[in-house]
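Beneath this line is the structure, given in structure tokens, with notes to follow.
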Amino acid sequence: MLHNYHTHTPRCGHASGTGTEYVRAAIDAGFSLLGFSDHAPYRDHPRDYISIRMSPELLPDYAAEFFELKARFGEQIELHLGVEAEFYPSYFEGLLSELRAAGVEYLILGQHFLDDGLTGLYSGRATGDPAMLDRYVGQCLDALSTGYFTYFAHPDLLYFTGSDEEYARQMRRLCRGAKDLGVPLELNLLGLREGRNYPDPRFWRIAAEEGCPAVIGWDAHQPEALNVPEAFSRARAALDALGVERLESVPLRPI
Ligand SMILES: [Zn+2]
Ligand SMILES: [Zn+2]
């Protein structure tokens with residue numbers, strides 16, 4: 001039976017499908033656990049993220065739909081309510097209290113933007129700048145150190161085109177930190193399917209050397225994206241070939 005903790009909804013502005021369609025697709029594709037993790041709202045954040053994350057006004061609706069789905073489908077599939085969040089230090093406590101009040105159970109870290117997210121510099125944009133890599137790694141480690149993140153989504157999101165030695169040095173620091181903090185790393189099926197810069201084979205060789213456990217994440221933005229057995233097999237084979245331990249389920253860290 002499959003488990004997926006990384007599922008979006010249209011509230012983020014770049015996904016499609018109803019909650020019911022996601023749950024039905026998960027049941028049909030053989031999942032025994034589905035976690036929703038839409039892009040977290042950050043209230044009072046000055047940047048306009050209309051097509052990137054849900055707006056805070058939609059959080060109650062997100063939670064209400066989830067609890068309704070749980071009541072309807074809870075006998076057929078284990079459902080959980082989470083969000084995928086950047087760690088924006090100045091706004092993080094506010095986010096946590098809002099999520100707690102809404103009944104959100106867990107967080108996964110997706111550090112798409114750096115610092116407090118005010119510059120809009122996307123982590124997945126190609127860069128040869130070692131300072132950017134250093135900032136990404138440092139900020140992700142700060143995020144994981146909070147103890148609130150259940151797992152680390154696409155840890156290899158940062159698209160570094162500089163020297164391989166520098167990449168290896170920093171990503172080893174990231175892998176060691178995640179391992180020490182007990183946070184599993186996600187191998188991202190969306191990136192794999194779309195041929196993005198992640199999963200990055202350089203990263204996963206280091207993760208294997210450092211003994212980091214992995215979780216496969218579907219990162220579904222459409223219900224159909226849960227039914228991709230070929231991509232799942234490829235991801236599983238890649239982890240096996242590297243000798244990376246694959247976790248089927250992950251204990252949710254309370255927020
Ligand atoms: Zn997304
Ligand atoms: Zn995602």
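Residues: numbered from 1 along the sequence shown.
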Q.
Can you confirm whether the side chains of H8 and D219 place a donor and an acceptor under 3.5 Å from each other?
A. yes

(Q) Using a 3.5 Å distance criterion without hydrogens, assess whether the side chain of Q139 forms a donor-acceptor pair with backbone atoms of F87. (A) yes

Q. According to the side chain to side chain donor-acceptor pair (under 3.5 Å) rule, which pairs have a member within residues 117-133, sequence neighbours left out?
A. none

Q) Should the ring pair H3 and Y5 be called parallel, tilted or perpendicular, given that the plane angle runs from 0 to 90° and is split at 30 and 60? A) perpendicular

(Q) Going by side chain to side chain donor-acceptor pair (under 3.5 Å), name the pairs with one or both residues in residues 220-229, residues two or more places apart or in two chains. (A) H14-H221

Q. Is a side-chain N or O of H39 found less than 3.5 angstrom from the main chain of R11, in a donor-acceptor match?
A. no

**Q.** ILVMFWY network linking L185 to L247, side-chain heavy atoms under 4.5 angstrom
**A.** no

Q. How far does OG1 of T150 sit from CG of L252, to the nearest 0.5 angstrom?
A. 5.0 Å

Q. Is there a donor-acceptor pair under 3.5 Å between the side chain of Y22 and the backbone N or O of F36?
A. no

Q) Under 3.5 Å, side chain of E65 to main-chain N/O of G19, donor-acceptor pair present? A) yes

Q: Go through the structure and list residues passing ring pair (Phe, Tyr, Trp, His ring centres under 6.0 Å) with F31, not counting sequence neighbours.
A: W218

Q) So, does N4 use its side chain to make a donor-acceptor pair with the main chain of H6 at under 3.5 Å? A) yes

Q: Would you confirm whether Y106, through its side chain, and P254, through its main-chain N or O, come within 3.5 Å as a donor-acceptor pair?
A: no

Q.
Can you confirm whether the side chains of E186 and H154 place a donor and an acceptor under 3.5 Å from each other?
A. no

Q: Name all residues meeting the ring pair (Phe, Tyr, Trp, His ring centres under 6.0 Å) criterion together with F160; count only those two or more places apart in sequence or in a different chain, and write none if there are none.
A: none

Q. Is a side-chain donor-acceptor pair under 3.5 Å present for R72 with T20?
A. yes

(Q) Closer than 3.5 angstrom, by distance alone: can the side chain of Y42 be matched with the main-chain N or O of E86 as a donor-acceptor pair? (A) yes

Q) Residues in salt bridge (Lys or Arg N to Asp or Glu O under 4.0 Å) with D44, at least two apart? A) none

**Q.** Partner set under side-chain contact (heavy atoms from CB on, under 4.5 Å) for S97, not counting sequence neighbours
**A.** none

(Q) Regarding E166 and R169, does a basic nitrogen lie under 4.0 Å from an acidic carboxylate oxygen? (A) yes

